[in-house]
Enquirer: 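Please find one structure pasted underneath; my questions will follow.
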There are 2 protein chains.
Amino acid sequence: EKFVVHSIAHDTGVAKVAVLGVPDTPGVAAKVFVPLSEAGVGVEMIIQSIMRGQVNDIAFLVRKEFLGEAIEVSRRTAREVGAQGVAFDTEIGKISLVGAGLANHPEAPARMFSILAGESVNIDMISSTSMAITCVVSSADVERSVKALHRSFIEENPL
Amino acid sequence: EKFVVHSIAHDTGVAKVAVLGVPDTPGVAAKVFVPLSEAGVGVEMIIQSIMRGQVNDIAFLVRKEFLGEAIEVSRRTAREVGAQGVAFDTEIGKISLVGAGLANHPEAPARMFSILAGESVNIDMISSTSMAITCVVSSADVERSVKALHRSFIEENPL
Ligand SMILES: C[C@@H](O)[C@H](N)C(=O)O
Ligand SMILES: C[C@@H](O)[C@H](N)C(=O)O
């Protein structure tokens with residue numbers, strides 16, 4: 001019997017960077033990520049939601065050791081494209097529900113978010129695919145979040 | 001020799017829904033997705049970026065056939081949590097660069113976004129993992145975007 005959720009993963013070796021209030025026009029995402037690539041800064045969990053007004057925010061995670069470089073490069077880009085600025089946060093972690101077919105199982109994100117709510121954990125960023133639902137939370141909340149998710153999805157009530 | 005980018009995927013059978021201006025406090029994401037799950041509405045590409053002020057937007061994709069149900073459920077939730085409202089769009093498609101180890105290859109998103117910029121395609125939403133970089137664009141832009149990405153990443157300059 002194939003489980004939809006296989007495992008819970010977590011990673012506190014990441015930091016968040018966000019370029020805020022970028023013009024929402026073609027070419028801007030390229031302007032953000034080309035210099036990062038040229039600087040050899042690996043990027044994970046790129047997230048851009050829908051625009052607000054004519055601007056958008058582009059957020060991404062980097063390994064903590066690349067944060068300084070990522071901020072420096074991003075500030076230069078922000079000036080060039082007329083963005084509002086650059087925000088960053090090192091006190092974060094990412095938690096992933098890992099599995100398969102999650103797009104056909106809405107109970108997976110529903111339960112994951114309910115469990116985090118039950119732990120009074122605020123969800124900072126969310127990104128999902130058919131194979132993983134990833135939440136960014138405060139690093140202080142990672143341990144108990146992972147424990148609670150593991151208890152429900154792996155131990156007590158496998159999905 | 002293992003390629004980092006294996007293929008280009010696309011899907012125009014999706015519609016976008018966004019619950020706008022939700023309070024950014026624990027339990028809100030659960031309030032959005034539990035009713036959708038109870039209504040049997042599958043959700044893909046959930047995206048929530050960093051908050052702005054004390055509010056955030058939660059966007060997600062559904063198969064087009066579930067859009068009506070998703071909007072109805074989401075509007076009820078929006079009222080309950082004091083959100084600003086619900087936006088939706090059917091004239092979209094998602095395009096994915098599919099591969100492996102993409103978090104260590106920042107040239108992949110840099111090139112993907114540059115190619116879309118070269119086609120004057122505006123990128124509406126972005127979500128990435130180590131295995132895929134997915135962009136939401138207007139449905140009218142999907143065909144030429146996929147062609148251009150395929151020409152570069154698969155035919156002419158495999159990564
Ligand atoms: C905001 C940014 O993604 C912009 N829409 C672009 O296409 O590059
Ligand atoms: C916005 C929403 O994700 C909220 N932060 C929550 O934790 O539920």
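So you know, we letter chains A, B, ... as the sequences are listed, proteins then strands, and number each from 1. Here the structure is a predicted model, which means the values were calculated and not measured.
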Enquirer: Counting only heavy atoms not in Q54(A), do more than 12 fall under 6.0 Å of its CD?
Expert: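 Open.
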
Enquirer: Same cluster or not: V98(A) versus I154(A), using hydrophobic residues (I, L, V, M, F, W, Y) connected whenever any side-chain heavy atoms lie under 4.5 Å apart?
Expert: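 No; I154(A) is not reachable from V98(A) via cluster members.
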
Enquirer: Name the option with the most non-hydrogen atom pairs under 4.5 Å to chain B; the candidates are Q84(A), E38(A), M51(A).
Expert: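 So the answer, after comparing Q84(A), E38(A), M51(A), is Q84(A).
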
Enquirer: Once you round to the nearest 0.5 Å, how far does OG of S49(A) lie from CG of N56(B)?
Expert: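 Separation between the atoms: 7.5 Å.
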
Enquirer: Determine the option with the most heavy-atom pairs under 4.5 angstrom with chain A, choosing from I126(B), I58(B), T134(B).
Expert: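 The answer is I126(B).
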
Enquirer: Between A29(A), G27(A), A18(A), A117(A), who has the most heavy-atom pairs with chain B when the cutoff is under 4.5 Å?
Expert: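 Top option by heavy-atom pairs under 4.5 Å: A29(A).
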
Enquirer: Under 4.5 Å side-chain heavy-atom separation, chaining through any Ile, Leu, Val, Met, Phe, Trp or Tyr, what else clusters with M125(B)? Say none if it is isolated.
Expert: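 Via sub-4.5 Å side-chain contacts, M125(B) links to V14(A), L20(A), M45(A), I47(A), I50(A), L61(A), I92(A), M125(A), V136(A), V14(B), L20(B), M45(B), I47(B), I50(B), L61(B), I92(B), V136(B).
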
Enquirer: Please identify, among L36(B), V121(B), L116(B), the residue contributing the most non-hydrogen atom pairs under 4.5 Å to chain A.
Expert: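 Most heavy-atom pairs under 4.5 Å with chain A: V121(B).
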
Enquirer: Please determine whether residues V55(A) and F113(B) belong to a single hydrophobic cluster, defined as Ile, Leu, Val, Met, Phe, Trp and Tyr linked transitively by side-chain heavy-atom distances below 4.5 Å.
Expert: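 Different clusters.
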
Enquirer: Identify the residues of residues 101-112 of chain A whose heavy atoms come closer than 4.5 Å to a heavy atom of chain B, ordered by number, or report 'none'.
Expert: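 L102(A), A103(A), P106(A), E107(A), P109(A), A110(A), listed by number.
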
Enquirer: Is S114(B) in contact with chain A via its backbone, its side chain, both, or neither, using a 4.5 Å heavy-atom distance?
Expert: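 Both parts, backbone and side chain.
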
Enquirer: Rest of the hydrophobic cluster containing V34(A) (Ile/Leu/Val/Met/Phe/Trp/Tyr, side-chain heavy atoms under 4.5 Å)?
Expert: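 V34(A) shares its hydrophobic cluster with no other residue.
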
Enquirer: Quick test of your reading: applying salt bridge (Lys or Arg N to Asp or Glu O under 4.0 Å), list the pairs with at least one residue in residues 80-91 of chain B, sequence neighbours left out, ordered by first then second residue.
Expert: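 Pairs touching residues 80-91 of chain B that pass the test: none.
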
Enquirer: Is it the case that one hydrophobic cluster holds both V146(A) and L159(A), taking links as side-chain heavy atoms less than 4.5 Å apart, direct or via other members?
Expert: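 Linked, V146(A) and L159(A) end up in one cluster.
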
Enquirer: With respect to chain A, which residue among D24(B), T25(B), I123(B) yields the maximal number of heavy-atom pairs within a distance under 4.5 Å?
Expert: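 Of D24(B), T25(B), I123(B), D24(B) has the most heavy-atom pairs under 4.5 Å with chain A.
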
Enquirer: Please check this pair: side chain of Q48(A) against backbone of D124(B), looking for a donor-acceptor N/O pair closer than 3.5 Å.
Expert: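 At least one qualifying donor-acceptor pair exists.
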
Enquirer: What part of K31(A) is in contact with chain B, defined as an atom under 4.5 angstrom from a non-hydrogen atom: side chain, backbone, both or neither?
Expert: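 Neither part.
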
Enquirer: Please determine whether residues V32(A) and I71(A) belong to a single hydrophobic cluster, defined as Ile, Leu, Val, Met, Phe, Trp and Tyr linked transitively by side-chain heavy-atom distances below 4.5 Å.
Expert: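 Same cluster: V32(A) reaches I71(A) through Ile, Leu, Val, Met, Phe, Trp or Tyr contacts under 4.5 Å.
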
Enquirer: Select, from V62(B), I133(B), D57(B), N122(B), the one with the greatest count of heavy-atom pairs under 4.5 Å involving chain A.
Expert: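 With the most close heavy-atom pairs to chain A, the winner is N122(B).
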
Enquirer: Would you sort out whether M131(A) and M131(B) count as a side-chain contact (heavy atoms from CB on, under 4.5 Å), showing the intermediate values?
Expert: CA-CA 10 Å; M131(A) 298 174 59; M131(B) 299 175 59; 4.2 Å; yes

Enquirer: With a cut-off of 6.0 Å (strictly less than), are more than 12 heavy atoms of other residues, nucleotides or ligands near CD of E143(B)?
Expert: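 Open: at most 12 neighbouring heavy atoms sit under 6.0 Å from CD of E143(B).
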
Enquirer: Tell me, yes or no, whether the heavy-atom count around E65(A) atom CD, taken from other residues, nucleotides or ligands under 6.0 Å, exceeds 12.
Expert: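 Buried by this count: over 12 neighbours within 6.0 Å.
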
Enquirer: Using non-hydrogen atoms only, which part of R63(B) is less than 4.5 Å away from chain A: side chain, backbone, both, or neither?
Expert: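 Nothing of R63(B), per the 4.5 Å heavy-atom cut-off to chain A.
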
Enquirer: So does I46(B) get a backbone contact from the side chain of S128(A), meaning a donor-acceptor N/O pair under 3.5 Å?
Expert: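 Yes, the answer is positive, given that a donor and an acceptor are paired below the 3.5 Å cut-off.
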
Enquirer: Indicate whether any N or O donor in one side chain lies under 3.5 Å from an N or O acceptor in the other, for T129(A) and T129(B).
Expert: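 Side-chain D/A pair, T129(A) to T129(B): absent.
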
Enquirer: Counting heavy-atom pairs closer than 4.5 Å to chain B, which one of S130(A), A59(A), S120(A), P35(A) comes out on top?
Expert: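 That would be S120(A).
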
